[in-house]
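One structure is given here, and the rest of the page talks about it.
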Amino acid sequence: MASGLQSECWTEELICAICLDFFTDPVSLGCGHNFCRSCITRSWEKQENRSCPECRQVTAERKLQVNRALAKMVEKAREFSLDPTQTAVNRQCEKHREDLKLFCETDKKLICSICRDAKEHRGHSFLPIDEAAEFCMDQAKSSLNSLTQRKETALQAEAQQREKISQVKEQVQSLQTHVMAEFAKMHQSLTDREQRVMCDLKQREEEVLLRMETNLREIQCKLDSVEQELSELQTQMGKDALTFLQVKR
């Protein structure tokens with residue numbers, strides 16, 4: 001019963017309050033509430049103040065933040081055949097039709113008491129489901145902390161790279177202004193030289209920015225990968241013990 005309630009509460013977090021179905025292209029408002037992009041867009045077409053359908057907080061701008069982590073969780077929910085009204089979990093041994101009560105540490109799978117005495121599991125190490133789930137949850141928490149740290153590092157690197165790009169653009173703009181002012185004071189005979197210098201400066205700017213933009217894309221790819229792993233791990237941790245161990249193997 002508890003595991004069923006846990007699954008129900010978990011899937012509720014993946015349901016749009018407007019269409020009452022799994023999120024499609026989920027976006028976040030300034031107040032923190034999430035909706036399908038199409039749902040909130042249609043909702044705002046019928047009102048002038050663009051308020052949140054849940055808390056009624058008015059959004060100053062029509063700026064919708066894509067919630068990639070939530071989108072990943074919805075994808076996983078669909079993969080596991082979850083829907084807003086039902087969560088299917090196999091709780092019996094397919095071979096003996098007995099309740100799954102043990103976790104085989106050797107084979108990393110759930111088994112029943114009859115399986116434990118079978119030849120294929122002879123000499124294996126077993127744990128009660130609750131103990132195995134607790135152990136695996138501790139491992140998951142450790143991985144979660146590691147992924148969180150990696151995400152934070154990637155976010156910091158992304159912010160630093162953006163700041164460097166901004167500084168380069170400002171420096172180039174400042175230098176261009178200075179060059180143009182200096183050349184304006186010179187005789188017409190220097191006009192051709194001015195143009196050559198400006199073209200060279202522009203080319204150098206593009207080369208520097210191209211390298212930095214490439215670095216930024218690499219950082220964003222790493223960040224997307226970390227966010228995907230983090231989302232998948234959070235999805236697994238939100239399941240009940242039986243589902244968690246079945247997915248874990």
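Every value quoted in this text rests on a predicted model; they were computed, and no experiment measured them.
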Decide whether [X] and [Y] are clustered together by the hydrophobic rule: side chain heavy atoms of Ile, Leu, Val, Met, Phe, Trp, Tyr closer than 4.5 Å, transitively.
X	Y	value
Ile219	Ile165	no
Met73	Phe23	yes
Val179	Val172	no

Should the pair His124 and His121 be assigned to parallel (<30°), tilted (30 to 60°) or perpendicular (>60°) ring geometry?
->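 Aromatic pair His124/His121 classed perpendicular.
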Check [X] against [Y] and note the closest heavy-atom contact, atom names and distance.
X	Y	answer
Phe126	Arg116	CE1-CG, 3.5 Å
Phe22	Val74	CB-CG1, 4.0 Å
Arg56	Ser51	O-CB, 3.6 Å
Ser113	Leu102	CA-CD1, 4.5 Å
Asp107	Glu120	OD2-O, 4.4 Å

Would you compute the distance between atom [atom1] of [X] and atom [atom2] of [Y] and round it to the nearest 0.5 angstrom?
X	Y	atom1	atom2	answer
Ile18	Arg42	CD1	CZ	8.0 Å
Ile40	Cys19	CD1	SG	11.5 Å
Asn67	Leu29	CG	CG	11.0 Å
Glu105	Leu127	CD	CG	4.0 Å
Thr106	Arg122	OG1	CZ	14.0 Å
Leu100	Cys93	CG	SG	6.0 Å

I want to check something: taking the side chain as every heavy atom from C-beta on, are [X] and [Y] in contact at a cut-off of under 4.5 Å?
X	Y	result
Glu54	Phe35	yes
Val27	Gln65	no
Gln220	Leu216	yes

After noting the C-alpha distance and the side-chain angles of Gln203 and Cys199, does the key distance pass the side chain to side chain contact (heavy atoms under 4.5 Å, CB included) rule?
-> CA-CA 6 Å; Gln203 181 179 356; Cys199 289; over 6 Å; no
Is it true that Arg162 and Glu158 make a salt bridge, defined as a side-chain N closer than 4.0 Å to a carboxylate O?
->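 Salt bridge: yes.
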More than 12 non-hydrogen atoms from neighbouring residues, nucleotides or ligands closer than 6.0 Å to CE on Met198, yes or no?
-> yes
Does His33 have any ring-ring contact (aromatic ring centres under 6.0 Å, His included) partners at least two apart in sequence or in another chain, and if so, which?
->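 With sequence neighbours excluded, His33 shows a ring-ring contact (aromatic ring centres under 6.0 Å, His included) to no residue whatsoever.
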Taking Asp200 as the fixed residue, which of Lys202, Arg204, Arg196 is the one that meets the salt bridge (charged side-chain N to carboxylate O under 4.0 Å, His left out) rule?
->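 That would be Arg204; it is the only one of Lys202, Arg204, Arg196 passing the salt bridge (charged side-chain N to carboxylate O under 4.0 Å, His left out) with Asp200.
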Would Glu227 and Lys151 count as a side chain to side chain contact (heavy atoms under 4.5 Å, CB included) if you check the C-alpha gap in whole Å, the side-chain angles of each, and the deciding distance to 0.1 Å?
-> CA-CA 7 Å; Glu227 287 182 334; Lys151 178 181 178 180; 3.7 Å; yes
CA sep, side-chain torsions, deciding dist, call: Val226, Lys222, side chain to side chain contact (heavy atoms under 4.5 Å, CB included) | CA-CA 6 Å; Val226 171; Lys222 292 179 181 179; 5.5 Å; no
Verify, without hydrogens or angle tests, whether Thr235 (side chain) and Ser231 (backbone) share a donor-acceptor contact under 3.5 angstrom.
-> yes
Give a yes or no on whether the backbone of Cys39 and the side-chain of Ser43 come within a donor-acceptor separation of less than 3.5 Å.
->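 No, the answer is negative, given that no donor and acceptor are paired below the 3.5 Å cut-off.
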Apply side chain to side chain contact (heavy atoms under 4.5 Å, CB included) to Thr148 and Glu152, showing your working.
-> CA-CA 6 Å; Thr148 301; Glu152 182 63 27; 5.7 Å; no
All side chain to side chain donor-acceptor pair (under 3.5 Å) counterparts of Glu206, not counting sequence neighbours | none
In chain order, what residues pass the side chain to side chain donor-acceptor pair (under 3.5 Å) check against Thr177, with sequence neighbours excluded?
->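 By the side chain to side chain donor-acceptor pair (under 3.5 Å) rule, Thr177 matches no residue at all.
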Quick one: which of Glu163, Lys169, Glu170 gives a side chain to side chain donor-acceptor pair (under 3.5 Å) with Gln167?
->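 When Glu163, Lys169, Glu170 are each tested with Gln167, the side chain to side chain donor-acceptor pair (under 3.5 Å) holds only for Glu163.
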